[in-house]
2 protein chains.
Amino acid sequence: MKYSKELLKGSTSLLVLSVLKGGDLYGYKIIRELERRSQNEFQMSEGTLYPILHALEKEKLLESYWQEFEGRNRKYYHITKKGLKELAEKKEEFEAFSASVNKVLNYV
Amino acid sequence: MKYSKELLKGSTSLLVLSVLKGGDLYGYKIIRELERRSQNEFQMSEGTLYPILHALEKEKLLESYWQEFEGRNRKYYHITKKGLKELAEKKEEFEAFSASVNKVLNYV
DNA sequence: GTATATACATTGTATCACAAGGTATAGTAC
DNA sequence: GTACTATACCTTGTGATACAATGTATATAC
């Protein structure tokens, strides 16, 4: 990631779920999409993403299926109903957290 | 912390520096102040705070001095010029980070 | 006498992002 | 023909760090 990696902690799965809300994607493309949607601010490494995808699938927040395209095998991920619920919760949590930090930062 | 602790990572020293910008305080009181300013959202544990204070002092972002009050010894921390600079940078970083997350979350 | 609040501190654990490494295909440049 | 880049998957080991747990000590309230 471009940012101090510690800042990111706890937000990565939120970002991944958020990207997948827009439609099924495979790992490599998720990284590219995150880059695009954040205007190059988030450059997630593969060593970060793949373990997250596996963990989210294990938790049934994502489902995967293989698909071939021009000689390449891609593993697509699809967000489940449970995943959408989790996304909404995590989003809310992030917003509350962010608001609280701002409260402290801008305290007068 | 009240929040998923992972979300906090990377923000704790920002919060501490921010509280100390308002005036010198000792460890125990910093925790209380953080609570107050965040309206009870941030409940930093002592095991989190004290190592941070020591680290920040080592980095010369904080200076400390002992003061006695009603039989109790308190170690006051004072933010240095370097600390103020670091605070401004970290604040900006947090705001940019937060804006980027929101970009991804609210992408259409 | 014991519980609570105040005040400092350290140790060990769990989590997690990521660098580094590995495999493989396809296209392009030299 | 070979080197590089992009695409695509993956795992292992390391470092950072929040915090629970633990320890010390004083003062006050019940």
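To find a chain, count down the sequence lines: A is the first, B the second, and so on, and within it residues start at 1.
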Looking at dA20(D), dC10(D), dT6(C), which one has an atom nearest to any side-chain atom of Lys75(A)?
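Closest of the options to the side chain of Lys75(A): dC10(D).
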Quick one: which of dC8(C), dA8(D), dA18(D) gets closest to the side chain of Tyr50(A)?
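That would be dA8(D).
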Would you kindly give the [atom1]-to-[atom2] distance between [X] and [N], to the nearest whole Å?
{"X": "Leu25(A)", "N": "dT7(D)", "atom1": "CG", "atom2": "C1'", "value": "15 Å"}
{"X": "Gln43(B)", "N": "dA20(D)", "atom1": "CD", "atom2": "P", "value": "11 Å"}
{"X": "Tyr77(B)", "N": "dA7(C)", "atom1": "OH", "atom2": "P", "value": "14 Å"}
{"X": "Ile52(B)", "N": "dA16(D)", "atom1": "CD1", "atom2": "P", "value": "15 Å"}
{"X": "Gln67(A)", "N": "dA8(D)", "atom1": "CD", "atom2": "C1'", "value": "14 Å"}
{"X": "Lys29(B)", "N": "dA7(C)", "atom1": "NZ", "atom2": "P", "value": "7 Å"}
{"X": "Asn73(B)", "N": "dT26(D)", "atom1": "CG", "atom2": "P", "value": "11 Å"}
{"X": "Lys58(A)", "N": "dC10(D)", "atom1": "NZ", "atom2": "C1'", "value": "16 Å"}

Does [N] have OP1 or OP2 under 4.0 Å away from a side-chain N or O of [X]?
{"X": "Tyr26(B)", "N": "dA7(C)", "result": "yes"}
{"X": "Tyr28(A)", "N": "dT7(D)", "result": "yes"}
{"X": "Thr12(B)", "N": "dA18(D)", "result": "yes"}
{"X": "His54(A)", "N": "dC9(D)", "result": "no"}
{"X": "Thr48(B)", "N": "dA18(D)", "result": "no"}

Ile79(B) to Leu62(B) - nearest heavy-atom pair and separation
CA-CD2, 3.7 Å
Check Lys90(A) with Glu93(A), please: is the shortest side-chain N to carboxylate O separation under 4.0 Å?
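The answer is no: the pair does not qualify as a salt bridge.
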Using 4.0 Å as the upper bound for N to carboxylate O, is an ion pair formed by Glu33(B) and Arg37(B)?
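Here Arg37(B) pairs with Glu33(B) in a salt bridge, since their nearest N and O are under 4.0 Å apart.
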Across the strands shown, which category fits Arg72(B) at heavy-atom distances under 4.0 angstrom: base, sugar-phosphate, nothing?
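Arg72(B): base contact, heavy atoms under 4.0 Å.
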Can you check whether any acceptor in the base of dC19(D) is under 3.5 Å from a donor in the side chain of Glu46(B), or vice versa?
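In this structure, the two groups form no donor-acceptor pair.
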Between Leu53(B) and Arg32(B), which has a closest nucleotide on DNA chain C that is more 5'?
Arg32(B)
On DNA chain C, compare the nucleotides closest to Tyr76(B) and Gly47(A); which residue's is nearer the 5' end?
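Its nucleotide being nearer the 5' end, the pick is Tyr76(B).
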Please determine if Arg32(B) forms a cation-pi arrangement with Tyr28(B), meaning its NZ or CZ atom is less than 6.0 Å from the six-membered ring centre and no more than 45° off the ring axis.
yes
What I want to check is whether the side chains of Glu57(A) and Ser64(A) have a donor and an acceptor closer together than 3.5 Å.
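Their side chains do contain a donor-acceptor pair, which is all the 3.5 Å distance test asks for.
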